[in-house]
Amino acid sequence: MTAQMLIGFVLFLLMAMPVGYSLVISGWAALSVFGPMPSSMAVMKIFQPTQSFPLLAIPFFILSGGLMMSGKLGQKLVGLASMLVGKYHGGLGQVTVVGSTVFGGVSGSSVAEASALGSMLIPWQKREGYPGAFGAAVTSASSVIAGLMPPSIPLILFATVSNTSIASLFIAAVIPALMLAGGMMLACNLIGRRRGFPRLTLKCTGAEIRNTLFTALPALLMPVFIVVLLRAGIATPTEVSVIAVAYALVVSSVIYRDLTAERVMSALTNTVITTGIVMLIIAAANIIAYILTSGGVPQAVAQWAVEYLKHPILIILAINLLMLFIGMFLDLPAAILLLGPTLVSIANAIGLDLVQLGIIMCVNLSIGLFTPPIGTTLFVSSAIARERIGAVVKELGPFYLVAIVVLLLVSYVPALIIY
């Protein structure tokens with residue numbers, strides 16, 4: 001049954017069918033035709049995982065991000081980043097990285113990050129004399145920071161798969177996210193210095209910087225606000241997500257005073273579409289996970305890894321290589337839900353903390369978002385910049401290096417995550 005499911009899944013993908021549909025059809029067909037379960041029970045298996053209270057956090061966090069990112073706030077954040085780092089070598093690239101880090105603490109979605117920030121910053125970089133391919137490369141690479149900064153949608157999905165604390169994952173992800181940001185800013189600086197990219201000549205007084213910082217403070221405080229509420233045990237992740245929506249509404253209507261009915265409807269529409277995509281993958285992944293678990297695949301893989309690879313260092317290396325390969329072909333949410341049960345079994349067998357495993361998975365699979373052939377943020381950024389994928393990939397070399405270094409650090413230095 002497992003073999004038939006995998007063959008069907010691969011065939012559907014080769015036919016260019018969306019991942020969610022491929023998972024649902026191949027899993028349901030395998031379970032109904034080759035398995036002991038009737039079709040009605042297979043349908044119940046599909047819908048069962050969507051009835052989860054923690055998953056309610058996903059649409060609310062998406063909605064809060066949509067409400068805050070669509071107004072004046074984005075311009076204020078970009079203005080603040082320009083004042084702080086725009087004057088340095090590769091300054092506009094660094095502005096993109098800073099913007100991605102802050103926006104990531106609002107949206108929690110890498111694809112939304114690439115679309116919203118790229119449409120704002122890539123044309124600006126091109127007007128200032130930066131190569132369009134470089135602008136697309138920085139945007140596609142730095143936008144994956146949103147997959148780590150709280151509120152991270154991928155980390156919420158991993159928590160549902162592994163029964164790990166969402167709060168612990170959010171707190172553990174902050175340092176790796178900042179490491180990615182710092183490394184990519186350094187890469188932008190070195191590239192800008194070597195290639196002579198133009199530098200901004202903004203003349204800002206201390207008072208102007210303070211005023212802009214004060215204006216952007218509501219967005220800067222969003223991830224801090226989330227982590228504090230979770231760390232102190234004041235609210236559950238789902239409750240925090242609802243509070244985040246109320247916070248976004250108050251900030252937009254009272255502080256920035258730019259909340260309109262059109263913005264609310266746009267944010268709601270985007271939330272429904274994005275949540276529908278995520279829930280489809282969650283539902284589909286559950287039936288796949290059931291088939292794999294029934295066949296004893298996770299346990300067999302864990303036993304094989306312990307028996308033949310033996311040393312935890314080699315096992316973690318093999319896990320990373322597998323995820324790097326899978327991440328090139330599957331979207332981040334689908335990869336987490338499909339690989340999660342098997343990797344959790346392996347982690348338990350070698351004593352790897354599940355919080356560390358969650359961070360490793362998110363960092364690793366995020367690399368796939370800006371890696372061909374299916375890199376989502378790569379395609380979004382390239383389309384905005386109107387540049388060929390090949391030209392953008394050539395500019396991504398230093399950013400791949402930064403991401404791999406951070407991946408190795410979170411894989412083999414657990415003190416960076418568990419504290």
Side-chain angles (χ1 to χ4, degrees), residues 50 52-81 99-121 123 139 143 146-147 149-157 166 170 212 214-227 229-230 235-282 333 376-377 380 384:
T50 62
S52 170
F53 181 72
L55 289 181
L56 282 173
I58 293 177
F60 283 110
F61 277 133
I62 294 172
L63 178 57
S64 66
L67 290 171
M68 292 191 70
M69 288 176 64
S70 59
K72 295 179 181 178
L73 179 60
Q75 300 172 2
K76 299 294 183 183
L77 289 174
V78 170
L80 176 62
S100 293
T101 306
V102 178
F103 272 119
V106 176
S107 69
S109 168
S110 297
V111 178
E113 181 91 17
S115 178
L117 207 59
S119 59
M120 189 187 311
L121 292 182
T139 302
S143 61
M149 285 294 288
S152 164
I153 304 302
L155 288 177
I156 295 175
L157 295 178
I166 296 177
F170 278 3
T212 305
F214 180 77
T215 306
L217 200 58
L220 299 174
L221 290 177
M222 174 72 96
V224 178
F225 159 76
I226 291 170
V227 169
L229 287 179
L230 292 174
T236 66
T238 304
E239 292 166 346
V240 170
S241 69
V242 177
I243 296 171
V245 172
Y247 178 83
L249 288 170
V250 171
V251 167
S252 297
S253 58
V254 176
I255 298 178
Y256 296 116
R257 299 183 181 180
D258 61 349
L259 187 65
T260 62
E262 290 77 14
R263 276 187 58 200
V264 174
M265 285 303 300
S266 176
L268 287 171
T269 302
N270 178 68
T271 299
V272 170
I273 294 172
T274 306
T275 303
I277 295 171
V278 173
M279 287 299 175
L280 174 63
I281 295 175
I282 290 173
T376 313
T377 63
V380 169
I384 293 172

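Note that the coordinates shown come from a computational prediction; the quantities given were computed from them, not determined experimentally.
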Here the pair of heavy atoms bringing S64 nearest to A248 is O-CB, 3.7 Å
Please report the closest heavy-atom contact between F170 and I156, naming both atoms and the distance.
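Nearest heavy atoms, F170 then I156: CZ-CG1, 3.9 Å.
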CD1 (I243) and CG (L229) are apart, to the nearest 0.5 Å, by 5.5 Å
Roughly how far, to the nearest 0.5 Å, is the CG atom of L249 from the CG atom of L259?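 Reported value, rounded in 0.5 Å steps: 6.0 Å.
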Report task. Applying side chain to side chain contact (heavy atoms under 4.5 Å, CB included), run through V242 and L56 and close with a yes or a no. Result -> CA-CA 9 Å; V242 177; L56 282 173; over 6 Å; no
Please test L67 against V251 for side chain to side chain contact (heavy atoms under 4.5 Å, CB included), starting from the C-alpha separation and ending with a verdict. CA-CA 9 Å; L67 290 171; V251 167; over 6 Å; no
Legend entry - Check: T238 main-chain N/O paired with S241 side-chain donor or acceptor under 3.5 Å: yes
Donor-acceptor contact below 3.5 Å, side chain T271 vs main chain A267: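 Yes, T271 side chain to A267 backbone: donor-acceptor pair under 3.5 Å.
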The test is side chain to side chain contact (heavy atoms under 4.5 Å, CB included); show your working for V240 and F61 and say whether it passes. CA-CA 9 Å; V240 170; F61 277 133; 4.2 Å; yes
Exercise. Evaluate the side chain to side chain contact (heavy atoms under 4.5 Å, CB included) criterion for residues T377 and T139: first the C-alpha distance (whole Å), next the side-chain angles of each, then the deciding distance (0.1 Å), finally the verdict.
Key: CA-CA 8 Å; T377 63; T139 302; over 6 Å; no
**Prompt:** Taking side chain as C-beta onward, heavy atoms only, is L268 less than 4.5 Å from L63?
**Reply:** yes
